[in-house]
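For reference, the structure discussed in these notes is given below.
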Amino acid sequence: MTAYDPPGAPGTGTGPDRGADSAAGYDAVVLAGGAARRLGGTDKPGVRVGGRALLDRVLAACGGARSTVVVAAPRPTARPVTWAREDPPGGGPLAALDAGLRHTTAEHVVVLSADLPFLQEPTVGRLLGELRASGRDGVLLTDPDGRDQPLVAAYRAPRLREELALLAARHGALAGLPLRRLTAKLDLTRVSDPVASFDCDTWDDIATARARIREHGHVLDEWISAVKDELGIDLDVDTRGLLDLARDAAHGVARPAAPLTTFLVGYAAAQAGGGPEAVAEASRKAVALAARWAQESTSEAQPAADGPQPGADGPQPAGDGPQPAGDGPKPAGDGPRPSGGDVAPDATPDTRPDAG
């Protein structure tokens, strides 16, 4: 896997506008079954990376779908989904895909596995855009070694149904058949994306994912995404603007003013109906207030230019009066110094198995 790329950089699959994809309409099928043998049978979709279950991370990436079908036993999720089950349970990816497709109606369907920690909505938009432009049966990602990832892909749903029906008629059932039996019959476009195609098959993969999202350049975006999922908020956050506001409040008023001010901005935005515009307007007002507050504080700290200056005409101390002794006691140069306690040690990511 290559270094994790932030949104808008290579690896996120920037492409057609997500709004256009949503308007055209697509459905999503997420395969969340499987035995996870290389994880010791752990419930892989429930393993947390960055505080969020892998399944929830994938559901966020396909949040623009008209409907999302998860093929697995039902469980709590951050977003509403439709549940489906392959027949028989554990019958493999083709049986699971067939079960999921039965609950979809859109012309285009995004098919995903539930173990993709770095998949994001722009990648899904890119897959759909490539599919519509190419006129082919599907578009899938390839991993760093050039291997196909058919469970990070967008397909024309009628072609999937057609080929699945032929396979079922030929073999009597879809259970136990490998996915390549399907993809070999399809006309596919391939897109290289070593980041979005990264999947978690082993505990080493989980540890790698957990470490990478805590890298300095990405941890804030990851945290904001996790908080929004946890609180059920679907809002584009102007992170830079809010951080600038917090800085101004902390420097111009007092340090505790920063979190309190950002809270009040959020509350005011909610009272105004919510949405990015309401947040921006509340932030603008709070920034202006912080600037006025800081300006007044600076003005009060400076004496008036034409006012009396202390000691200008008053008595001066006698030049021959007692002076402090030059050889008096001084602070010891090798005495105790302030510790660097405000510099936090580097945090070590928790890589213990966590199937919460």
Side-chain angles (χ1 to χ4, degrees), residues 27-49 52-62 65 67-104 109-117 119 138 140-141 143 147-155 157 159-186 197-206 209 353-356:
D27 290 333
V29 174
V30 181
L31 307 188
R37 292 183 180 86
R38 287 197 278 176
L39 288 176
T42 294
D43 171 30
K44 181 162 66 169
V47 174
R48 294 192 181 99
V49 173
R52 292 189 289 165
L54 283 171
L55 175 57
D56 283 334
R57 297 179 73 90
V58 173
L59 293 179
C62 57
S67 66
T68 301
V69 183
V70 179
V71 185
R75 70 176 69 218
T77 54
R79 294 170 181 262
V81 301
T82 299
W83 296 97
R85 202 71 170 116
E86 71 272 31
D87 184 20
L94 283 188
L97 177 57
D98 180 66
L101 284 174
R102 294 177 186 275
H103 296 269
T104 65
V109 60
V110 172
V111 178
L112 305 169
S113 61
D115 60 352
L116 303 164
L119 183 67
L140 53 77
L141 295 189
D143 69 11
R147 291 187 295 261
D148 287 354
Q149 298 295 313
L151 297 184
V152 198
Y155 298 99
R159 286 291 292 128
L160 291 184
R161 294 191 180 95
E162 179 184 350
E163 291 300 333
L164 286 170
L166 290 173
L167 285 169
R170 186 177 304 128
H171 297 277
L174 295 172
L177 295 180
L179 200 54
R180 64 178 177 272
R181 293 286 183 91
L182 172 65
T183 56
K185 302 295 184 181
L186 300 176
S197 64
F198 179 85
D199 57 1
C200 294
D201 290 325
T202 68
W203 286 115
D204 283 344
D205 293 336
I206 297 292
D354 176 7

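In this text the structure is predicted, and so the values were computed from the model without any measurement.
Under the 3.5 Å distance criterion, the side-chain polar atoms of R159 are left unmatched by any main-chain donor or acceptor of L186. Side chain of Q149 to backbone of A153: no donor-acceptor contact under 3.5 angstrom is found. A donor-acceptor pair is defined here as one N or O able to donate and one able to accept, closer than 3.5 Å; such a pair exists between the side chain of D56 and the backbone of A78.
Residues passing the side chain to side chain contact (heavy atoms under 4.5 Å, CB included) test with R52 are R57, A60, E222, S225, A226, D229, sequence neighbours excluded. For S113, the side chain to side chain contact (heavy atoms under 4.5 Å, CB included) test picks out D115, L116, L151, with sequence neighbours left out. D143 is linked by a salt bridge (Lys or Arg N to Asp or Glu O under 4.0 Å) to R147, counting only residues two or more places apart in sequence or in another chain. For A154, the side chain to side chain contact (heavy atoms under 4.5 Å, CB included) test picks out V110, L127, L128, L131, with sequence neighbours left out.
The structure places CG of L94 at 11.0 Å from CD of E163, a figure rounded to the nearest 0.5 Å. Atoms NZ and CG, from K185 and L160 in turn, are 15.0 Å apart once rounded to the nearest 0.5 Å. Rounding to the nearest 0.5 angstrom, the gap separating the CG atom in L97 from the OH atom in Y155 is 8.0 Å.
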Exercise answer: donor-acceptor pairs, residues 165-184 side-chain atoms, under 3.5 Å, sequence neighbours excluded:
residue	atom	partner	partner atom	Å
H171	NE2	R181	NH1	3.2

- Worked verdict on W203 versus V47 for side chain to side chain contact (heavy atoms under 4.5 Å, CB included): CA-CA 10 Å; W203 286 115; V47 174; 4.2 Å; yes
- Please step through salt bridge (charged side-chain N to carboxylate O under 4.0 Å, His left out) for the pair K44 and D201, ending with a clear verdict. CA-CA 8 Å; K44 181 162 66 169; D201 290 325; 3.4 Å; yes
- Decide yes or no on side chain to side chain contact (heavy atoms under 4.5 Å, CB included) for H103 and W83, but give the supporting numbers first. CA-CA 9 Å; H103 296 269; W83 296 97; over 6 Å; no
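In plain terms, the two heavy atoms of L140 and P150 that are nearest each other are CD2-CA, 4.1 Å. Nearest heavy-atom pair across S197 and L141 is N-CD1, 4.1 Å. Closest non-hydrogen pair, L31 versus P93, comes out as CD1-O, 3.9 Å. In terms of heavy-atom proximity, V69 sits nearest to A84 at CG1-CB, 3.9 Å. The minimum heavy-atom distance linking C62 with T68 is given by the pair O-OG1, 4.0 Å.
Considering only heavy atoms from C-beta on, R161 stays 4.5 Å or farther from V109 through its side chain. Counting only heavy atoms from C-beta outward, the side chains of V111 and L101 never approach each other to under 4.5 Å.
Listed by first and then second residue, the salt bridge (Lys or Arg N to Asp or Glu O under 4.0 Å) pairs that reach into residues 89-102 are D98-R102, sequence neighbours excluded.
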